[in-house]
Amino acid sequence: MITSMSNAQIKHIQQLMKKAKARRESGLFVVEGMKMFREAPKDRIEKVYASTSFLESGDNRAVLEEKGFGSESPDMEEVDDKVFRSLSDTVTPQGILCLVRQVDTPLSAMLEARQPLLMILEDLQDPGNLGTILRTGEGAGVSGVILNKNCVDLYNPKVIRSTMGSVYRMPVLTVDSISDILPELKKQGVRTYAAHLRGEHFYDQEDFRGKTAFFIGNEGNGLSDELSGQADCLIKIPMQGQVESLNAAMAAGILMYETSRQRRKVL
């Protein structure tokens with residue numbers, strides 16, 4: 001049992017939770033809670049840490065054993081309650097966290113869908129927005145989410161929590177520059193749309209039943225002129241009152257579900 005906060009494993013977990021650089025270098029990220037443990041693909045779980053009080057429950061031990069992380073497993077560690085509380089990123093820790101291996105999905109795999117739907121995010125900074133886009137994207141049938149390197153780290157604990165498990169299932173790719181992938185999208189016949197205040201048409205006046213990608217920009221500044229200038233079409237969401245723009249995740253959700261609605265009508 002780990003009883004010291006100076007334990008090397010504890011310090012490693014703390015680094016992973018606080019620093020994107022540590023996550024990148026190790027290729028790991030931290031997830032907390034029973035739901036996130038249950039949904040994590042077993043072949044991606046590197047190590048499981050459970051508090052002493054968590055392990056006092058027979059039901060909890062059964063869940064661990066069912067997934068192959070019983071008391072005899074070398075990949076499961078018991079952690080003193082006080083030490084575990086120092087690790088947790090939540091107000092009321094559930095007593096279980098695990099280290100999970102990161103996965104990048106190649107663009108080619110995202111484009112294998114018959115009619116791909118991609119969300120391409122530029123400089124998004126809010127962890128809640130990114131997590132919500134992943135979660136909503138899974139619900140709307142999105143083929144993949146692409147981030148440029150200036151976006152908030154996908155594996156930030158706040159992003160992970162807000163995905164509610166979708167981080168395991170939604171194909172995601174991080175690229176140095178979005179411009180680098182645009183020639184391949186064009187080659188594959190993907191039509192790109194930029195959500196922009198200067199959009200010529202409202203979003204629901206366009207046809208998204210073919211291969212489609214949406215550009216979503218930074219919360220404060222929107223899309224860069226460079227990227228919006230490379231889109232095939234600028235679209236806008238109608239606004240009333242004095243509102244100039246919507247929250248990035250809300251705008252993305254509207255576009256994803258409009259696409260889903262159009263495609264449902266075809267089936």
Side-chain angles (χ1 to χ4, degrees), residues 2 9-20 22-24 26-71 73-81 83-105 124 126-140 142 144-145 147 151-174 249 253:
I2 297 175
Q9 293 186 68
I10 298 302
K11 289 183 175 181
H12 179 52
I13 295 168
Q14 290 170 334
Q15 290 294 302
L16 291 175
M17 295 185 83
K18 293 175 182 176
K19 297 186 177 180
R23 294 190 289 269
R24 282 195 302 272
S26 67
L28 300 171
F29 65 101
V30 181
V31 302
E32 283 194 73
M34 183 63 92
K35 173 180 168 59
M36 294 298 287
F37 170 70
R38 282 180 181 273
E39 295 189 14
K42 186 180 184 304
D43 61 353
R44 289 178 59 188
I45 297 176
E46 183 88 1
K47 194 106 178 187
V48 177
Y49 297 86
S51 69
T52 300
S53 58
F54 178 90
L55 293 172
E56 288 172 354
S57 162
D59 289 344
N60 288 343
R61 289 199 306 274
V63 171
L64 286 169
E65 289 169 2
E66 185 180 304
K67 207 154 185 175
F69 295 98
S71 57
S73 170
D75 298 323
M76 203 284 287
E77 293 276 0
E78 180 179 349
V79 182
D80 173 81
D81 281 11
V83 176
F84 193 94
R85 283 195 295 273
S86 75
L87 285 179
S88 179
D89 194 47
T90 60
V91 178
T92 54
Q94 293 181 34
I96 183 169
L97 62 78
C98 49
L99 306 186
V100 181
R101 284 186 284 277
Q102 301 176 16
V103 171
D104 245 2
T105 301
L124 213 68
D126 184 86
N129 278 339
L130 178 53
T132 299
I133 288 172
L134 262 67
R135 185 181 178 190
T136 308
E138 182 181 9
V142 167
V145 176
L147 324 171
C151 283
V152 60
D153 180 31
L154 170 64
Y155 299 108
N156 177 306
K158 293 179 180 176
V159 175
I160 298 300
R161 275 204 306 278
S162 60
T163 69
M164 296 292 286
S166 292
V167 68
Y168 301 135
R169 299 177 294 271
M170 175 54 58
V172 181
L173 172 65
T174 300

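For reference, positions follow the sequence shown, starting with 1. Below, each value reflects all heavy atoms present in this structure, side chains not excepted, and no hydrogens, waters or symmetry copies.
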L97 and L87: CA distance, side-chain angles, deciding distance, side-chain contact (heavy atoms from CB on, under 4.5 Å) verdict | CA-CA 9 Å; L97 62 78; L87 285 179; 4.2 Å; yes

What verdict does the side-chain contact (heavy atoms from CB on, under 4.5 Å) test give for Y155 and V30, after you've listed the backbone C-alpha separation in whole Å, the side-chain angles of each residue and the deciding distance to 0.1 Å? CA-CA 8 Å; Y155 299 108; V30 181; over 6 Å; no

- Item | Derivation of the side-chain contact (heavy atoms from CB on, under 4.5 Å) call for E138 and V142 | CA-CA 6 Å; E138 182 181 9; V142 167; over 6 Å; no

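The minimum heavy-atom distance between T105 and L173, with the atom names listed, is O-CB, 3.4 Å.
Under the 4.5 Å side-chain criterion, counting only non-hydrogen atoms from C-beta, L28 is not in contact with V100. Using a 4.5 Å heavy-atom cutoff, the side chains of L124 and I133 are in contact. The side-chain heavy atoms of S26 and L16, taken from C-beta on, include a pair separated by under 4.5 Å. Residues L64 and I96 have side chains in contact (heavy-atom distance under 4.5 Å, counting atoms from C-beta outward).
Salt-bridge check for E39 with R169: passed, with a basic side-chain N closer than 4.0 Å to an acidic carboxylate O.
Formation of a donor-acceptor pair under 3.5 Å by the Q94 side chain with backbone atoms of M34 is found in this model. At least one donor-acceptor pair under 3.5 Å links the side chain of D81 to the backbone N or O of T52. For Q102 (side chain) and R23 (main-chain N/O), a donor-acceptor pair under 3.5 Å exists by modelled atom type. No donor-acceptor pair closer than 3.5 Å links the side chain of D153 to the backbone N or O of A20.
T92 contributes atom OG1, which lies 12.0 Å from atom CZ of R85 (distance to the nearest 0.5 angstrom). Summarising the geometry, atom CZ belonging to F69 is positioned 4.5 Å from atom NZ belonging to K42; distances are rounded to the nearest 0.5 Å.
Donor-acceptor pairing under 3.5 Å is lacking for the side chains of E78 and Y49.
Under the side chain to side chain contact (heavy atoms under 4.5 Å, CB included) criterion, P127 pairs with V152, N156, K158, V159, sequence neighbours left out.
Sorted by first and then second residue, the salt bridge (Lys or Arg N to Asp or Glu O under 4.0 Å) pairs involving residues 45-67 (not counting sequence neighbours) are E46-R101, K47-E77.
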